[in-house]
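Some notes on the structure that comes next.
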Amino acid sequence: MSRLANQHGAINLGQGFPEGLEPPALIAAAKRALSETGQQYPSMMGTPALRQAVSDHDRRFYGLAIDPDNEVMVTSGGTEALADCLFGLIEPGDEVVLIEPLYDAYLPIVRRAGGVARLVRLEPPDWKLPRQALEAAFSAKTKLMILNNPMNPTGKMFPADDLAFIASLLARFDAYCVCDEVYEHLIYDGRPHIPLATLPGMRERCLRIGSAGKTFSLTGWKVGYLTACPALLQPVAKAHQYITFTTPPNLQQAVAEGLASDDIYYRSLAGGLQARRDKLAAGLADIGFTVLPCSGSYFLTADFRPLGFVGDDTDFCKHITVEAGVTAVPVSIFYEAGDIRHYARFCFAKKDEALDEALSRLKRHFAQHRR
């Protein structure tokens with residue numbers, strides 16, 4: 001969809017990269033650190049400064065006591081952390097519980113690692129967790145599950161009672177959880193983020209992934225971090241050693257400084273994105289879309305059936321890219337069966353002028369289409 005957007009000069013609300021949110025202080029810190037830090041391999045596990053910063057961050061926001069020397073690992077992005085976890089922990093034939101719709105990297109990595117995916121579906125418009133189906137997906141062969149919270153593409157945040165239910169299944173079946181929490185600070189309407197690792201008995205079962213790309217809107221830096229108890233982190237670190245080994249030290253230093261940002265930064269990040277969410281949601285609703293709620297992440301899901309479009313979500317997203325000059329992503333691609341066919345995902349982490357122009361183009365197009 002991004003290639004199609006480029007071909008047609010469309011405003012790209014499909015791909016999840018933010019615009020206009022990059023903190024100047026972090027960019028300046030990276031420039032400064034380029035001359036002040038060494039240019040050779042840093043520690044495979046990450047620079048001491050960043051590992052300490054991750055530990056301090058998790059204590060500050062969630063009350064988690066993380067040993068920076070033995071329970072933190074820095075990776076080249078959140079997806080690398082995910083790959084390290086899956087390649088490091090899955091043995092051929094192990095079963096992995098996944099919740100659809102899902103981030104597109106999950107299934108390929110699980111299968112390349114030899115895992116067997118057990119899929120549990122959330123469906124629009126309410127994205128309710130089907131507890132009976134989730135319980136049925138667990139078995140004696142379950143090695144781990146992946147929990148994306150806040151969730152891409154739905155914008156869902158799992159409430160405390162859902163998290164408690166998930167924790168009970170992990171304990172009963174002696175399984176682990178890879179907690180993809182890269183959107184932990186992109187949460188709206190005053191909701192708190194509850195890491196699964198903070199629940200009783202979960203500290204030793206969870207591997208928690210964070211991302212500087214999401215927290216600081218610097219997706220091109222590809223700096224991620226992983227926290228887990230030593231027994232889980234050690235096999236994951238062995239996979240990391242042979243995937244990227246390490247991450248640029250000047251970027252690690254800048255992220256370490258960023259994680260220590262005061263509360264104003266974190267509040268303004270969420271507040272600014274919430275305003276953009278509300279702008280896009282109101283504009284899409286005014287055009288005629290049915291817009292689903294979004295509690296976190298960069299993304300809004302919208303049902304385009306009220307517009308009278310004839311075709312599925314792939315047809316719709318191609319149509320608005322070519323004919324209206326606005327790009328979205330079909331939600332069906334986030335399901336293995338590809339059978340949820342009338343929703344599109346829009347990214348609202350864009351500049352106000354881009355959102356305004358996108359809405360103007362869509363409104364003009366569908367007004368003409370209805371005549």
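A donor-acceptor contact shorter than 3.5 Å is absent between the side chain of Thr290 and the backbone of Asp303. The main-chain N or O of Val96 is never found under 3.5 Å from a side-chain atom of Asp94 such that the two would form a donor-acceptor pair. The backbone N or O of Asp67 lies less than 3.5 Å from no partner atom in the side chain of Asn70, so there is not a single donor-acceptor pair. Here the side chain of Lys156 pairs a donor or acceptor atom with the backbone of Trp127 at under 3.5 angstrom. Under the 3.5 Å distance criterion, the side-chain polar atoms of Glu80 are matched with a main-chain donor or acceptor of Ser76. In this structure a side-chain-to-backbone donor-acceptor pair under 3.5 Å is missing from Gln253 to Ala30. The main-chain N or O of Tyr265 is found under 3.5 Å from a side-chain atom of Asp262 such that the two form a donor-acceptor pair. Formation of a donor-acceptor pair under 3.5 Å by the Asn149 side chain with backbone atoms of Met151 is not found in this model. No side-chain donor-acceptor contact under 3.5 Å links Arg277 to the backbone of Leu300. Of the possible donor and acceptor atoms, one in the side chain of Thr37 sits under 3.5 Å from a partner among the backbone N and O of Ala33.
In summary, the aromatic rings of Tyr225 and His57 are positioned with their centroids too far apart to meet the 6.0 Å limit. Between Tyr242 and Phe87, the gap from one ring centroid to the other reaches at least 6.0 Å. Residues Phe289 and Phe346 bring their aromatic ring centres within 6.0 Å. Side-chain rings of Phe304 and Tyr343 stay apart, their centers remaining 6.0 Å or farther from each other. A distance below 6.0 Å separates the ring centres of Phe61 and Tyr266. Aromatic pair Phe17/Tyr298: ring centres not closer than 6.0 Å.
Checking Glu204 against Tyr176 by side-chain atom types alone, no donor-acceptor pair falls below 3.5 Å. Checking Tyr103 against Thr79 by side-chain atom types alone, a donor-acceptor pair falls below 3.5 Å. A donor and an acceptor atom, one from each side chain of Ser332 and Asp313, are located under 3.5 Å apart.
Residues Met145 and Val182 are members of separate hydrophobic clusters, defined by side-chain heavy-atom contacts under 4.5 angstrom among Ile, Leu, Val, Met, Phe, Trp and Tyr. Hydrophobic clustering (ILVMFWY, side-chain heavy atoms < 4.5 Å, transitive): Leu98 and Leu122 are in distinct clusters. Under the 4.5 Å side-chain heavy-atom criterion for Ile, Leu, Val, Met, Phe, Trp and Tyr, Leu144 and Val120 are members of distinct hydrophobic clusters. Ile146 and Val97 fall into different hydrophobic clusters, defined by Ile, Leu, Val, Met, Phe, Trp and Tyr side-chain heavy atoms under 4.5 Å apart, directly or through other members. Note on Tyr62 and Ile187: separate hydrophobic clusters, where clusters join Ile, Leu, Val, Met, Phe, Trp and Tyr whose side-chain heavy atoms are under 4.5 Å apart, directly or indirectly.
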Exercise for review: Test Thr314 against Arg341 for side-chain contact (heavy atoms from CB on, under 4.5 Å), laying out the working first.
Suggested key: CA-CA 8 Å; Thr314 301; Arg341 305 296 292 181; 4.1 Å; yes
Exercise for review: Show your working on salt bridge (Lys or Arg N to Asp or Glu O under 4.0 Å) between Arg60 and Asp263 and close with a plain yes or no.
Suggested key: CA-CA 10 Å; Arg60 170 185 172 186; Asp263 290 346; 2.7 Å; yes
Practice item. I would like to know whether Glu357 and Arg361 meet salt bridge (Lys or Arg N to Asp or Glu O under 4.0 Å); could you show each step before the answer? Key: CA-CA 6 Å; Glu357 177 61 21; Arg361 292 183 183 187; 3.0 Å; yes
Point to revise | CA sep, side-chain torsions, deciding dist, call: Ser2, Asn12, side chain to side chain donor-acceptor pair (under 3.5 Å) | key: CA-CA 7 Å; Ser2 291; Asn12 190 351; 3.0 Å; yes
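Under a cut-off of 6.0 angstrom, the local environment of CZ in Phe316 is crowded, with over 12 non-hydrogen atoms contributed by other residues, nucleotides or ligands. Other residues, nucleotides and ligands contribute more than 12 heavy atoms inside 6.0 Å of the CZ atom of Arg172. More than 12 heavy atoms of other residues, nucleotides or ligands lie within 6.0 Å of CZ in Arg32, so this atom counts as buried by the packing criterion. Heavy-atom contacts from other residues, nucleotides or ligands closer than 6.0 Å to CD of Gln132 number 12 or fewer.
In this structure, the separation between CD1 on Ile90 and SG on Cys85 is 9.5 Å, given to the nearest 0.5 Å.
The shortest side-chain heavy-atom distance between Leu13 and Lys350 falls under the 4.5 Å cut-off. Within the 4.5 Å cutoff, side-chain heavy atoms of Leu233 are placed close to those of Met73.
By the 4.0 Å N-to-carboxylate-O rule, Lys128 lies too far from Asp162 to be salt-bridged with it. Under a 4.0 Å N-O distance rule, the pair Asp174/Arg205 qualifies as a salt bridge. Using a 4.0 Å cut-off between a side-chain N of Lys or Arg and a carboxylate O of Asp or Glu, Arg118 and Glu95 qualify as a salt bridge.
With Tyr188 as reference, Cys294 is the one residue of Cys294, Pro150, Ser295 to meet the side-chain contact (heavy atoms from CB on, under 4.5 Å) rule. Evaluated for a salt bridge (Lys or Arg N to Asp or Glu O under 4.0 Å) with Glu71, the options Arg51, Arg208, Arg203, Arg59 yield exactly one hit, Arg203.
In terms of heavy atoms, Leu292 sits closest to Pro124 at CD2-CB, 3.7 Å.
Because its NZ or CZ atom is not both nearer than 6.0 Å to the ring centre of Phe348 and within 45° of the ring axis, Arg276 does not count as a cation-pi partner of that residue.
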